[in-house]
Amino acid sequence: FYTVTLDNKVKVELTAALRSGVQRYTFPKNSDAYVQLDLGFSINWDSPVETYIKIESPTRIVGYRLSKGWAEDQRVYFASEFSKPFSLHWLGNDTTLPQGSTEFKSKKVKAVFKFDFNQVLIRTAISSVSIESAKANLVADKADQSFETIRTTALKQWNKELNKIQVKSKDKNLLVTFYTSLYRTMLAPVIFSDADGGYKSPDEKIHKTGGFTKYSIFSLWDTFRAAHPLFTITQLERISDMINSMLAHYREYGLLPVWELDGNETNCMIGYHAIPVIADAVLKGFKGFDINEAFTAMKLSAMQDQF
């Protein structure tokens, strides 16, 4: 859960389910209530290639954002539902923002929604596959529950994870430092497959997991030394899915991941650090993946005819 009050006195509250997030905006009384969605916004190397918004009803919008940057083929499809209908909307881009349009596609699409209520919830699910998959993820996450219910569920999940290591100290600052660091170890890799197992792969096709959960954001150059060995202690139930995600990358791309991001191989670091991660899991007795396929993938990745 995160909350902040903006300079214009709008209170923002955010919480999350597995494949969706919920935003709650509380506007000052007797003030105008507007929400803007800007798919052209970008930071770092990210740059939109094509963006799209469609107004399906006064309480539902869908669309996508295709971009490139660190990864060349980033795809985010979304479905958003509003708790209250908007009374007016504008849809366009940075140069034209006509009122009442129901569909717009360009490099940088922008939309503005006006509400006649002082509090609005926005529930948004995402997918790397399609708008329809994003809609299905919204249903699978039971995003129609109350904000408090979703927040409480998230709180229980995080407390369960953070309680896997219990530290005692009279120094509160040390406890805050430790548990903040432990929290950050669980920000990546992230679940990438949809509720039905679909995901976008580095061969630019859509695949199905066939039984495992597909993970993404393998920053292996950074994580092979300490984070992944920690996972074999604190994330026992996820290790096999992480290895299966690497093996899926191998089948679809031809090599084990180097620095995988959102169904892409970025190749932004040298080395082949998936190998010690897999070897560590094998030596510690994890068996939820094909060990022979893993060995073949490890050899092929290690013996490439290149510097």
Side-chain angles (χ1 to χ4, degrees), residues 16-21 39 42 45-54 56 60-81 103 105-107 109 123-143 188-220 238 240-268 274 288-290 293-294 296-297 300-301:
L18 191 59
R19 297 176 177 88
S20 60
L39 296 184
S42 62
W45 302 277
D46 177 69
S47 177
V49 174
E50 181 178 288
T51 63
Y52 169 75
I53 295 176
K54 181 179 180 180
E56 290 196 339
R60 171 176 276 190
I61 64 171
V62 298
Y64 60 76
R65 186 181 191 276
L66 311 181
S67 66
K68 65 179 181 178
W70 198 329
E72 284 298 301
D73 184 16
Q74 301 169 149
R75 308 177 191 177
V76 178
Y77 298 89
F78 71 89
S80 292
E81 292 200 349
E103 197 170 6
K105 180 191 299 183
S106 76
K107 185 176 181 179
V109 172
R123 303 172 172 91
T124 300
I126 60 173
S127 166
S128 66
V129 174
S130 68
I131 289 173
E132 292 304 313
S133 292
K135 290 180 179 179
N137 288 340
L138 201 62
V139 174
D141 271 0
K142 299 180 180 179
V190 300
I191 290 176
F192 190 58
S193 51
D194 291 332
D196 67 356
Y199 65 93
K200 178 260 178 191
S201 79
D203 63 5
E204 300 182 357
K205 298 178 182 178
I206 303 303
H207 293 266
K208 289 289 186 73
T209 58
F212 70 95
T213 298
K214 181 71 166 64
Y215 281 82
S216 180
I217 309 182
F218 283 102
S219 170
L220 291 161
R238 294 184 172 93
S240 293
D241 283 343
M242 291 183 188
I243 304 301
N244 279 316
S245 297
M246 296 181 191
L247 294 180
H249 186 97
Y250 155 71
R251 290 191 296 270
E252 296 150 10
Y253 182 73
L255 296 168
L256 289 169
V258 174
W259 209 122
E260 186 274 347
L261 176 63
D262 291 351
N264 293 263
E265 178 56 80
T266 67
N267 273 315
C268 66
F289 52 91
D290 188 331
E293 181 184 32
T296 299
L300 187 62
S301 295

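A salt bridge links Asp46 to Arg65: one of the charged nitrogens lies within less than 4.0 Å of a carboxylate oxygen. The pair Glu81-Arg60 meets the salt-bridge criterion, since a charged nitrogen lies less than 4.0 angstrom from a carboxylate oxygen. Look at Asp73 and Lys200 and you find a salt bridge, because one of the NZ, NE, NH1 or NH2 atoms lies within 4.0 Å of a carboxylate O, short of that distance.
Glu50 contributes no side-chain N or O that, together with a main-chain N or O of Lys105, makes up a donor-acceptor pair within less than 3.5 Å. Under the 3.5 Å distance criterion, the side-chain polar atoms of Thr51 are matched with a main-chain donor or acceptor of Ser106. A donor-acceptor pair is defined here as one N or O able to donate and one able to accept, closer than 3.5 Å; no such pair exists between the side chain of Asp194 and the backbone of Asp196.
Between atom CG of residue Asn264 and atom CH2 of residue Trp70 there is a gap of 12.5 Å, rounded to the nearest 0.5 Å. Put simply, OG on Ser127 and CG on Leu138 are 12.0 Å apart, with the number rounded to the nearest 0.5 Å. To the nearest 0.5 angstrom, Asp262 atom CG is 11.0 Å from Arg75 atom CZ. Taking CD of Glu260 as the start and OG of Ser219 as the end, the distance is 11.0 Å to the nearest 0.5 Å. Distance check, rounded to the nearest 0.5 Å: NZ of Lys107 to CG of Leu39 gives 14.0 Å. How far CD1 of Ile53 is from CZ of Phe78: 5.0 Å, rounded to the nearest 0.5 Å.
Residues Leu300 and Gly254 come closest through the heavy atom pair CD2-O, 3.3 Å. Residues Ser193 and Lys214 share a closest heavy-atom pair of OG-N, 3.0 Å. For the pair Gly198 and Val129, the tightest heavy-atom approach, listed with the atom from each and the gap, is C-CG2, 3.6 Å. Leu255 approaches His249 most closely through the heavy-atom pair O-CD2, 3.2 Å. For Ala134 against Ala79, the heavy-atom pair with the smallest separation is CB-N, 3.8 Å. The minimum heavy-atom distance between Glu265 and Leu256, with the atom names listed, is OE1-O, 4.1 Å.
Residues passing the side-chain hydrogen bond (donor to acceptor under 3.5 Å, both in side chains) test with Glu204: none are found, sequence neighbours excluded. Residues satisfying the ring-ring contact (aromatic ring centres under 6.0 Å, His included) test with Tyr64, not counting sequence neighbours, are Tyr52, Tyr77.
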Inset, instruction - For Val49 and Gln74, run side-chain contact (heavy atoms from CB on, under 4.5 Å): C-alpha distance rounded to whole Å, both residues' side-chain angles, the deciding distance at 0.1 Å, then the answer. - result: CA-CA 9 Å; Val49 174; Gln74 301 169 149; over 6 Å; no

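No side-chain heavy atom of Ser245 sits under 4.5 Å from any side-chain heavy atom of Phe192. In this structure, Val190 and Tyr215 have side chains that are not in contact, with every pair of non-hydrogen atoms separated by 4.5 Å or more. Proximity of Lys54 to Ile131: side-chain heavy atoms (C-beta onward) are nowhere separated by under 4.5 Å.
No option in Asp141, Thr124, Asn137 other than Asp141 meets the side chain to side chain donor-acceptor pair (under 3.5 Å) test with Ser20.
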